[in-house]
Number of protein chains: 2
Amino acid sequence: MPKAQRMAQMLTVAEEIFAEQGYLATSMDEIAERVGVSKPMLYEYFGSKEGLLIGCIHRARTELREKTAAAIAGAASPEEFLRLGLLAFFEFIDEHRRSWALLRQEAAVAVPSAQEEVEGIRQQQTDMIGAVLASFTPDIDPLEAEAFAEIVVGATERLAVWMERRPSVGPALATDYVMAVIWPGVDNRLRKPLSPARLA
Amino acid sequence: MPKAQRMAQMLTVAEEIFAEQGYLATSMDEIAERVGVSKPMLYEYFGSKEGLLIGCIHRARTELREKTAAAIAGAASPEEFLRLGLLAFFEFIDEHRRSWALLRQEAAVAVPSAQEEVEGIRQQQTDMIGAVLASFTPDIDPLEAEAFAEIVVGATERLAVWMERRPSVGPALATDYVMAVIWPGVDNRLRKPLSPARLA
DNA sequence: GCAGTAGGTTACTCGAAGTAAGTTACGAGC
DNA sequence: GCTCGTAACTTACTTCGAGTAACCTACTGC
């Protein structure tokens, strides 16, 4: 089997097993066996167990970026922008229920470099939020814009985890909830930024 | 050295080394050496590497609960309740900069049971938020109350991580930011809950 | 002064990450 | 239609760290 195809297959299998059992509880031999190949092949293509994990995260990250970019393309107002972005995110999570928890949770513990990949995902999201704030309110305090973006990302991420435990809650309702809590405050600040005096 | 004292010492050392190097990169031999004791003693008192990690998290959790409970004791309004709770949380994080990141991040990856301990911390927080919502608006939809609590916890947690990277941002300002984004939306819903129609 | 137990150690096993060295399949060029 | 080179792959290790078995020691109550 050609390299690219084999790598993709390895990522798929690894993502599944990692998600099932957790990163620590999974051995490279087990992944190799389920792929139908020997362990050194995994090392040939991904360098280490950590490298394999990073590969999984990276692929998910790329996919998420593409879907989000497509979703927000036609947004006209900051509210619509944010809503479409959140919805794309929750839909992505919904489709990847299995691997999601692992990739976020497990990755963080495992390795510093995996942590960077996960931070990369968050960076994409905070950048998106930052873009909303900055494009519609150019004179907003940068630190405050950053804080707001982090808050929105944190809220969204947490609700995504919660959504998994609540089968009755789908992407649309999750988006509604986040918007209901977040939007009044954000909208408020878009019109009237915090005064610099508070930034002691 | 008596057992209780030795255990406390082990937790302190473990927390420090885990935070420095990460859970995976730390060996039990190393912890044992730095404690000045042999490895089987760690197993005697904590059962496993995972057990040791859980011990660290559990101790932090207990301390956080006590501090938070003390802080919110005298709150009169839901807003003050929430603000004092958030402030107590951010102050706790600020005092535990080193171990904080590890305990949250690493624990998640490492072990299912450590995950439970971390979830316990979050549960404390969501319970607190839930209490605010329920006590001041008894007829709020339980699912919605849960979602709101998760959103607040997620936002807070993420901002705590961000605060660590921004030395100029202290607990007070972090609290301000979270309240600025979160409060208008929560206040809004306290007065006028989401209609059941949306809970399709 | 002896028994029992709390607190401790040395010296192992075992499983999993990572590696060295070698093997097979297969297409390109003659 | 044979052979050279390389891509894809394997077997058989080494190494390191989690966890354990078996044994030791010193103190405290009687």
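Throughout, protein chains are lettered first and strands after them, A, B, ... in sequence-line order, and every chain is numbered starting at 1.
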Counting only side-chain N and O atoms of [X], is one of them less than 4.0 Å from OP1 or OP2 of [N]?
{"X": "Ser27(B)", "N": "dG17(D)", "value": "no"}
{"X": "Arg6(B)", "N": "dG8(C)", "value": "yes"}
{"X": "Tyr45(A)", "N": "dA8(D)", "value": "yes"}

| task | Scan Met28(A) against the nucleic acid and name what it touches under 4.0 Å (heavy atoms): base, sugar-phosphate only, or nothing. | result |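 If one applies the 4.0 Å heavy-atom cut-off, Met28(A) turns out to touch the sugar-phosphate alone, with no base involved.
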| request: Under 4.0 Å between any heavy atoms, over every strand shown, what does Pro40(A) touch: base, sugar-phosphate, or nothing? Just pick one. | output: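 Base, at least one base heavy atom under 4.0 Å.
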| request: Return yes if the base of dG7(C) and the side-chain atoms of Lys3(B) contain a donor-acceptor N/O pair under 3.5 Å, otherwise no. | output: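 No pair found.
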| said: Suppose we call a contact any N or O donor and acceptor under 3.5 Å apart; does that hold for the side chain of Lys49(B) and the base of dG19(D)? | reply: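 Absent.
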| Got a sec, which pairs hit salt bridge (Lys or Arg N to Asp or Glu O under 4.0 Å) with one end in residues 36-49 of chain A, sequence neighbours left out? |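 Residue pairs with at least one partner in residues 36-49 of chain A: Asp29(A)-Lys39(A).
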Please give, in whole Å, the distance from [N] [atom2] to [X] [atom1]?
{"X": "Met1(A)", "N": "dC26(C)", "atom1": "CE", "atom2": "C1'", "result": "16 Å"}
{"X": "Leu42(A)", "N": "dA16(C)", "atom1": "CG", "atom2": "P", "result": "15 Å"}
{"X": "Gln9(B)", "N": "dG7(C)", "atom1": "CD", "atom2": "P", "result": "13 Å"}
{"X": "Gln21(B)", "N": "dC16(D)", "atom1": "CD", "atom2": "C1'", "result": "15 Å"}
{"X": "Ile31(A)", "N": "dA17(C)", "atom1": "CD1", "atom2": "P", "result": "8 Å"}
{"X": "Glu44(B)", "N": "dG8(C)", "atom1": "CD", "atom2": "C1'", "result": "9 Å"}
{"X": "Lys39(B)", "N": "dA21(D)", "atom1": "NZ", "atom2": "C1'", "result": "13 Å"}
{"X": "Met41(A)", "N": "dA17(C)", "atom1": "CE", "atom2": "C1'", "result": "17 Å"}

| query | Parallel, tilted or perpendicular: which fits the ring planes of Phe148(A) and Tyr177(B), with parallel below 30° and perpendicular above 60°? | reply |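 Perpendicular: the ring planes of Phe148(A) and Tyr177(B) meet at over 60°.
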| Do NZ/NE/NH1/NH2 and the carboxylate oxygens of Lys67(A) and Glu63(A) come within less than 4.0 Å? |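 Looking at Lys67(A) and Glu63(A), the cut-off is met.
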| task | Kindly determine whether Gln125(A) and Arg122(A) satisfy side chain to side chain donor-acceptor pair (under 3.5 Å), including the steps that lead there. | result | CA-CA 5 Å; Gln125(A) 296 177 274; Arg122(A) 295 200 176 100; 5.9 Å; no
| What nucleotide among dG7(C), dT9(C), dT20(D) has an atom nearest to a side-chain atom of Pro2(B)? |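 Between dG7(C), dT9(C), dT20(D), the one nearest the side chain of Pro2(B) would be dG7(C).
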| field | Qualifying residue, where the test is side chain to side chain contact (heavy atoms under 4.5 Å, CB included) with Val35(A) and the options are Met1(A), Glu30(A), Gln9(A) | value |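 One option only clears the test, and that one is Gln9(A).
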